[in-house]
Amino acid sequence: MAATPAKYPISPSPAVRNLNPKLSLSIRISFPDANFPKSHNRISLHSCSSSISSDETPDRISGKSKKTVPAIELQKLSEDNPYELSSKDSSNSLPRPLTSAHLSNMASEGARLRVAYQGVGGAYSESAAEKAYPNCEAVPCEQFDTAFEAVERWLVDRAVLPIENSLGGSIHRNYDLLLRHRLHIVGEVKLAIRHCLLANPGIKLEELNRVLSHPQALAQCENTLTKLGLVREAVDDTAGAAKFISFHKLKDAGAVASKTAARIYGLNILAQDIQDDSDNVTRFLMLAREPIIPGIDKPFKTSIVFSLEEGPGVLFKALAVFAMRNINLTKIESRPLQKHAMRAFGDSTTELPKHFPYIFYVDFEASMADPRAQNALGHLKEFSTFLRVLGSYPADTGMP
Ligand SMILES: O=C(O)C(=O)C[C@]1(C(=O)O)C=C[C@@H](O)C=C1
């Protein structure tokens, strides 16, 4: 069944020029510059916000007031690695990346950051955005791509997107989008996910035949939903599922979503904490157009993506650059390099490629300000075909 998604303030527009630079293979460690509107050095987010607001924003639902965001001055990032500071950096025309102090000041001084998330009001991603940036204006986006694009086009200041879950694993789409887009990871936030089974008022558990939710949420409640014998139907987000069953007053369908979604869409909670494990945590990334300057004052993490030549033991060698410097890895993910694969298949010959090229995403526990991390990446660069630092940011060491 195709559930019609709710109206979102920001939805993908095919007419919009694709700003994503082509993926390039390079052996230098690259810190890409922000995408820059062609003819403007100055842009008012105020003027953008009026064109993307809608009658159905969660702000309406919750009655929260909207503040306009003052115009901000854009600065073009240099192509150079901003972490490798040189004498050039004293010039005023050079980039001034945001520092972690700057980020927290913006929140505490009451300036409302506009933060994109995927889903509608009541989605876990909205809670993650509010946890990452207290007092922010959370801006719903239809798809993950839309949230990336909203930051790139200066419609919002940040995006907060899920990257992995303790039960369901990686959110592959966002790994792929990190590579395709040129945003920087400036932080992470972990959120405890507690799912509820929701239904319209008066509907009993026995009356339900099917359940709608985000595929990750359905996977996280696999055992409970199997026991209940409910047919799963995937939709864009948990809160969207709640909104849909509420709007259509469905009698045979429930939704897996949060308590907040139940409240917003006037649904009853038939069961609480239906996730397969009580420790259900999703890790979200905070994304910005510019990187932050990494520090060593608190625990930092660094996320990189790289590709390797074919050959025996190359991955072993790549991981050894961290092991020999006593740097702990917290995550490794491999993804097919899609453009390569497509080119190979688009060839006029019918021969299949001998190997599928893969790229590797690694998170490690060290700041780029730490010489161990710099040396490890310098070493990795010697035998990687491509290497990019996605971000060096404070680790979320708090309670989820
Ligand atoms: O659908 C939502 O509410 C979301 O925020 C998305 C999402 C995800 O993509 O993993 C986020 C957290 C939960 O793990 C389930 C779903």
Side-chain angles (χ1 to χ4, degrees), residues 3-6 8-11 58 61-62 115-133 136 138-148 150 158-178 188-198 211-225 232-246 253-265 267 269 272-287 331 333 396 400:
T4 314
Y8 296 81
I10 301 185
S11 45
I61 294 162
S62 66
V115 180
Y117 69 93
Q118 188 267 332
V120 294
Y124 295 103
S125 299
E126 184 189 38
S127 306
E130 285 162 355
K131 186 175 177 191
Y133 298 105
C136 73
V139 180
C141 293
E142 197 168 316
Q143 302 294 338
F144 293 137
D145 317 44
T146 327
F148 272 86
R158 305 279 186 275
V160 170
L161 297 171
I163 196 73
E164 57 177 330
N165 171 269
S166 55
L167 297 179
S170 297
I171 288 114
H172 294 135
R173 179 81 190 138
N174 281 334
Y175 274 102
D176 296 343
L177 289 170
L178 277 173
E188 64 171 4
V189 64
K190 290 179 186 155
L191 190 76
I193 305 291
R194 302 181 64 180
H195 292 302
C196 303
L197 180 60
L198 311 181
V211 63
L212 278 64
S213 199
H214 186 280
Q216 272 277 342
L218 293 172
Q220 291 160 20
C221 304
E222 179 68 31
N223 297 343
T224 315
L225 300 179
R232 279 75 125 180
E233 289 178 12
V235 292
D236 281 344
D237 69 288
T238 56
K243 187 173 182 175
F244 187 82
I245 65 160
S246 168
V256 172
S258 64
K259 259 189 189 172
T260 313
R263 182 176 44 75
I264 294 176
Y265 303 109
L267 297 172
I269 300 176
Q272 280 194 51
D273 279 324
I274 60 165
Q275 63 278 358
D276 292 348
D277 194 316
S278 56
D279 288 332
N280 185 23
V281 176
T282 299
R283 177 176 165 246
F284 293 79
L285 297 179
M286 295 144 74
L287 302 172
K331 178 82 201 278
E333 180 73 37
D396 181 5

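Order of appearance sets the numbers: ligands from 1, and atoms from 1 within every ligand.
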How far is [atom] from its nearest protein heavy atom, and which residue and atom is that?
| atom | result |
| --- | --- |
| atom 5 (O) of ligand 1 | S125 OG, 2.5 Å |
| atom 11 (C) of ligand 1 | F284 CZ, 4.0 Å |
| atom 12 (C) of ligand 1 | T282 OG1, 3.7 Å |

Enumerate the atoms of ligand 1 whose separation from the nearest heavy atom of [X] is less than 4.0 angstrom.
| X | value |
| --- | --- |
| I171 | 10 (O) |
| N165 | 14 (O) |
| Q216 | 10 (O) |

Whether the side chain of [X] engages the backbone of [Y] through a donor-acceptor N/O pair (distance < 3.5 Å, no angle test) should be reported.
| X | Y | result |
| --- | --- | --- |
| E164 | I171 | no |
| K243 | Y265 | no |
| S166 | V281 | yes |
| S213 | L218 | no |

_Does K259 have more than 12 heavy atoms from other residues, nucleotides or ligands lying within 6.0 Å of its NZ?_
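12 or below, so no.
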
Ligand 1 N/O within reach of [X] N/O, cut-off under 3.5 Å:
| X | result |
| --- | --- |
| Q220 | yes |
| D237 | no |
| T238 | yes |
| Q118 | no |
| H214 | yes |

*Can a non-hydrogen atom of P162 be found less than 4.0 Å from any atom of ligand 1?*
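Under 4.0 Å: yes for P162.
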
*Going by the side chain to side chain donor-acceptor pair (under 3.5 Å) test, name the single residue among D277, D276, N165 that passes it with Q220.*
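Going through D277, D276, N165 one by one, the side chain to side chain donor-acceptor pair (under 3.5 Å) with Q220 is satisfied by N165 alone.
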
*For Y124, which of R194, H195, H214 qualifies under side chain to side chain donor-acceptor pair (under 3.5 Å)?*
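Option passing the side chain to side chain donor-acceptor pair (under 3.5 Å) with Y124: H195.
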
*side chain to side chain contact (heavy atoms under 4.5 Å, CB included) with C221: which of N280, I274, V211, L167?*
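Testing each of N280, I274, V211, L167 against C221, the sole residue satisfying side chain to side chain contact (heavy atoms under 4.5 Å, CB included) is I274.
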
